[in-house]
Amino acid sequence: MACIVFLPRTQKEIEIFGGNVYFDIDGKNAGMLTKAEQRYELSPGQHVIKMYKSHTYDTYIGFAETTVTVEENEELMVKYSAPMMVNQPGNMMISPYNPHYRDAILQEKEQILARDFRAEQNRKKEENEKYKNGVKWVIIAAVIFAVIFGIYEGIILSTIY
């Protein structure tokens with residue numbers, strides 16, 4: 001028998017993307033990714049693997065599909081990455097199974113997600129600071145305009161009376 005090993009979701013992945021990730025093999029739902037790797041035995045030959053993530057209102061996003069050919073006693077590992085944007089496809093990487101490489105992939109995935117999440121948070125923080133500064137300048141300009149307008153009106157009224 002051949003075997004496909006689905007790599008687990010990392011904690012950071014679950015925190016950032018939420019939802020559930022499902023996998024179909026040959027058109028039939030075969031399971032859902034968890035925090036543990038999952039082994040799925042297959043007969044040797046060609047198989048279609050499809051993965052996708054649940055989204056709001058019972059919808060699915062991030063579809064990724066590929067056809068693999070597995071040999072007798074061959075083990076392949078599958079890594080799925082959810083898309084950052086709803087309208088993008090997911091990313092599926094299939095390679096020969098290697099427990100050392102698996103650990104390195106999961107660790108790298110966790111580090112990349114943490115780095116990207118921090119970068120996104122910093123970008124949002126900078127945008128928020130720029131917005132606050134813009135609002136301050138608009139308020140300052142409005143106050144200056146109101147003072148000038150008040151002085152102008154005072155001059156006009158003093159010349160009339």
Side-chain angles (χ1 to χ4, degrees), residues 1-140:
M1 277 299 223
C3 183
I4 300 245
V5 179
F6 291 92
L7 296 185
R9 295 181 78 190
T10 64
Q11 182 60 39
K12 192 55 105 175
E13 227 179 338
I14 293 168
E15 289 171 13
I16 293 172
F17 298 111
N20 296 312
V21 174
Y22 299 95
F23 54 93
D24 298 353
I25 298 178
D26 297 329
K28 296 178 185 172
N29 184 268
M32 179 176 74
L33 292 186
T34 62
K35 289 184 180 181
E37 76 178 27
Q38 296 178 36
R39 296 178 159 279
Y40 195 87
E41 290 193 1
L42 300 168
S43 59
Q46 206 171 50
H47 299 278
V48 177
I49 300 173
K50 181 178 182 179
M51 298 183 79
Y52 48 95
K53 187 185 135 351
S54 66
H55 194 57
T56 56
Y57 306 115
D58 295 329
T59 60
Y60 300 99
I61 63 167
F63 290 92
E65 185 174 316
T66 190
T67 302
V68 295
T69 303
V70 289
E71 307 285 327
E72 183 70 36
N73 297 323
E74 182 179 24
E75 287 187 324
L76 297 177
M77 64 181 176
V78 178
K79 179 187 102 170
Y80 175 81
S81 297
M84 288 293 194
M85 305 293 284
V86 174
N87 59 347
Q88 293 177 329
N91 184 24
M92 187 180 351
M93 184 184 88
I94 299 176
S95 57
Y97 182 76
N98 178 333
H100 303 295
Y101 183 54
R102 178 205 67 202
D103 294 341
I105 286 174
L106 292 175
Q107 188 175 31
E108 178 187 20
K109 191 175 189 181
E110 188 82 0
Q111 290 171 349
I112 288 170
L113 284 172
R115 182 195 68 213
D116 290 350
F117 184 73
R118 279 191 308 272
E120 182 67 16
Q121 293 298 95
N122 288 338
R123 185 189 64 76
K124 286 180 181 178
K125 185 178 178 181
E126 287 175 11
E127 283 181 5
N128 197 21
E129 288 298 319
K130 287 179 183 177
Y131 174 78
K132 286 179 182 178
N133 287 337
V135 168
K136 286 176 189 175
W137 282 109
V138 167
I139 290 171
I140 290 170

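The CD1 atom of I49 lies 5.5 Å from the CD1 atom of I25; values are rounded to the nearest 0.5 Å. How far OG1 of T10 is from CD of E108: 12.0 Å, rounded to the nearest 0.5 Å. Taking CG of L76 as the reference point, atom SG of C3 lies at 8.5 Å (rounded to 0.5 Å). Between atom CZ of residue R123 and atom CG of residue N128 there is a gap of 11.5 Å, rounded to the nearest 0.5 Å. To the nearest 0.5 Å, atoms CD (E126) and CD (Q121) are separated by 12.0 Å. Residue E110 holds its CD atom at 7.5 Å from CD of Q11, rounded to the nearest 0.5 Å.
Ring planes of F23 and F6: parallel class, angle under 30° (limits at 30 and 60°).
Using a 4.0 Å cut-off between a side-chain N of Lys or Arg and a carboxylate O of Asp or Glu, E129 and K125 do not qualify as a salt bridge. The pair E15-K12 counts as a salt bridge, with a side-chain nitrogen and a carboxylate oxygen less than 4.0 angstrom apart. Salt bridge K124/E127: absent, no basic N to carboxylate O contact under 4.0 Å.
Remark: side-chain polar atoms of K53 are paired, donor with acceptor, to backbone N or O of F17 under 3.5 angstrom. Counting only distance, with no hydrogens or angles, the side chain of R9 and the backbone of Y80 share no donor-acceptor pair below 3.5 Å. Checking side-chain atoms of E65 against main-chain N and O of V48 turns up no donor-acceptor pair under 3.5 Å. Without hydrogens or angle criteria, S54 side chain to N20 main chain gives a donor-acceptor distance under 3.5 Å.
Residues S95 and M77 have side chains in contact (heavy-atom distance under 4.5 Å, counting atoms from C-beta outward). The shortest side-chain heavy-atom distance between I4 and V68 falls under the 4.5 Å cut-off. Using a 4.5 Å heavy-atom threshold, the side chains of Y97 and E37 count as touching.
Within a 6.0 Å sphere centred on CE of M1, other residues, nucleotides and ligands contribute more than 12 heavy atoms.
Across all non-hydrogen atoms, the minimal contact from D26 to H47 is OD2-ND1, 2.7 Å. E74 approaches T69 most closely through the heavy-atom pair OE1-O, 3.8 Å. Summarising the geometry of P83 relative to I61, their closest heavy-atom pair is CG-CD1, 4.3 Å, with the distance given to 0.1 Å. Of all the heavy atoms in I105 and M93, the pair that sits closest is CD1-CE, 3.4 Å. Taking each heavy atom of L113 and E13 in turn, the nearest pair found is CD1-CG, 3.5 Å.
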